[in-house]
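We name chains A, B, ... by the order of the sequence lines, and we start the count at 1 in each one. Computed over heavy atoms, backbone and side chain alike; hydrogens, waters and symmetry mates excluded.
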Number of protein chains: 2
Amino acid sequence: MEMCKPQQNHLLAALSMEVKERLFSHMEWVELPLGKVLYESGDTMRHVYFPTDSIISLLYVMESGASAEISVVGNEGLVGIALFMGGESTPSRAVVQSGGHAYRLPGQRLKDEFNRHGELLMLMLRYTQALITQMSQTAVCNRHHSIDQQLCRWLLLSLDRLPSNKLTMTQELIANMLGVRREGVTEAAGKLQRLGVIEYSRGRITVLDRHKLEELSCECYAVVKRETDRLLPYTPSTMPDERSIAPKFRR
Amino acid sequence: MEMCKPQQNHLLAALSMEVKERLFSHMEWVELPLGKVLYESGDTMRHVYFPTDSIISLLYVMESGASAEISVVGNEGLVGIALFMGGESTPSRAVVQSGGHAYRLPGQRLKDEFNRHGELLMLMLRYTQALITQMSQTAVCNRHHSIDQQLCRWLLLSLDRLPSNKLTMTQELIANMLGVRREGVTEAAGKLQRLGVIEYSRGRITVLDRHKLEELSCECYAVVKRETDRLLPYTPSTMPDERSIAPKFRR
DNA sequence: ACCGTTCTGTTCTATAGCGTACATAGCGGA
DNA sequence: TCCGCTATGTACGCTATAGAACAGAACGGT
């Protein structure tokens, strides 16, 4: 048996003997044929996969059926971060892009390695997953949606983070954020203004019809919003039974 | 200390009294004027920011100077995940997009909350950060680069995860991954073939000139590669011990 | 050796967004 | 009050990519 396998998984290889032995006693060696779906959008993940000579694509599949790759995972990584990030699932699909093999570990076994970590950590991880969702959706949106749709998404994301329905933001600035021309924003904003959805002048934008804005936006806003709400429900910490909630974060 | 009631930070609000009190004894209340840069690409972060009534944009600034927003952070989150993810910095810039305030915590204080967590966790987190980098860069690439460039990037990312210089992948499949038309891939691949960079037929692609491929690719590949190498150097620690694997799962 | 299927190549038109140039309009300081 | 600056509006040609339709080419089972 060769000592230095050419296609071992790098993450597993980097672990100490102690941890590795504990994990490997529960590890399965599985074949991953091309096209196999490891998990669908929203699926509760049961295993994490450590690819060795296979490649897995994380895709976001849109309502239209069109898809875009969010990221790609090979022997440098693992599939199923949501299991330890705390979200248990993601809005993306994992498909085998290049057939091969992987080590597979029941999610529970991975979580067992985490069972001493406190609430702060769990909270951070869950937030991180929400952030990742946003990033992914941004990539998708950049690929597939019009400036008009993206402006709506962007306004809604901003609106959710502000106390009023006004934001101070020149079209030039928005263009930089979206990575488009200022003129493109001018046109899109003009349309929204003509529709009575927003009102603006010299860097002061007032949202008049939020509902319409949501209608005009692409699905990307809703996806991020829904996932963020799911991951971070923000139970008020002033509640007296706060500490009794904490154990639910531990598995 | 003033406890900003209407616009408290949601993450802080969700913490238990115990943890919150420990954190708040080291917390600063800072003003964030519009346009202030919280950190530049590659900067070692000293603080994490919990915005209350401000919005911070995470931007990736390209070599050309053009920029694209990776994500946006408001009172639902925090700026500086790299501090607890283990990377200490990111390739992105954080700019105040909407002036306001935030709670600021020295990074070390946050890390103190993490100091009992084992090596597995740290490894996972570092990987996650690398993945996040890839996602971010995908968003950037989708916005700004041609199909030709994106194909090069994609081939390189795949190549790095495979043992040989051959990959089995139809143009149709690649098109799905990149979120573009199959015809677009056909054209881009044709150009590469004519340049002698690759050779392919019916789903079998051989990379002949990797160096050229890197030249033709946009910067996005290099950014992700460099960051991944930095976060996960895979130091030649203990090699895997075959005997620790359950016999039936050995290769 | 054949035939159907699956890949790849080509060509047409349509359009969104870019680059560029320049015009207008509102605010704010002197 | 005026000037200058910044923000917004508009217009024109250009290009990359989408959408669609179809032709050729190679593989693989029977």
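- For the pair B:Ile174 CD1 and C:dC7 C1', the interatomic distance rounds to 12 Å; values are reported in whole Å.
- Note: CD (A:Glu199) to P (C:dG26) measures 14 Å, nearest angstrom.
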Handout entry: Verdict with reasoning, B:Lys212 to B:Glu215, per salt bridge (charged side-chain N to carboxylate O under 4.0 Å, His left out)
Key = CA-CA 5 Å; B:Lys212 197 70 175 271; B:Glu215 274 178 5; 5.3 Å; no
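- Rounded to whole angstrom, the span from the CG atom of A:Asn142 across to the C1' atom of D:dT17 amounts to 16 Å.
- Closest-nucleotide positions on DNA chain D for A:Arg194 and B:Glu183 were compared, and the one nearer the 5' end corresponds to A:Arg194.
- One can place CZ of B:Arg143 at 17 Å from P of D:dA16, the figure rounded to the nearest angstrom.
- B:Glu172 has its CD atom 17 Å from the P atom of C:dT5, to the nearest Å.
- With rounding to the nearest 0.5 Å, the separation of OG in A:Ser158 from CD1 in A:Ile174 is 7.5 Å.
- Checking the phosphate oxygens (OP1, OP2) of D:dA18, a side-chain nitrogen or oxygen of B:Arg181 falls inside 4.0 Å.
- Dashed line: the shortest gap from a side-chain N or O of A:Gln193 to OP1 or OP2 of D:dT8 is not under 4.0 Å.
- B:Gln193 CD: more than 12 foreign heavy atoms inside a 6.0 Å radius.
- You'll find a donor-acceptor pair under 3.5 Å spanning the side chain of A:Arg182 and the base of D:dG9, going by distance alone.
- Considering only the side chain of B:Glu187, C:dT11 comes nearest among D:dT6, D:dA26, C:dT11.
- Residue-to-nucleotide contacts include a donor-acceptor pair under 3.5 Å from the side chain of A:Arg202 to the base of D:dT6.
- The phosphate of C:dG9 has OP1 or OP2 within less than 4.0 Å of a side-chain N or O from B:Tyr200.
- Atom NZ in B:Lys191 sits about 18 Å away from atom P in C:dT8, given to the nearest Å.
- Taking only side-chain atoms of B:Gln171, from C-beta outward, the nucleotide of C:dC7, D:dG9, C:dG9 with the closest atom is C:dG9.
- Rounded to whole angstrom, the span from the CD1 atom of A:Ile147 across to the P atom of C:dT15 amounts to 17 Å.
- Side chain of B:Asp53 to main chain of B:Gly100: no donor-acceptor pair is present (N/O by atom type, distance under 3.5 Å, no hydrogens or angles).
- A:Arg210 CZ: more than 12 foreign heavy atoms inside a 6.0 Å radius.
- Regarding B:Leu173, its CG atom lies at a distance of 14 Å from the C1' atom of C:dT8, rounded to whole Å.
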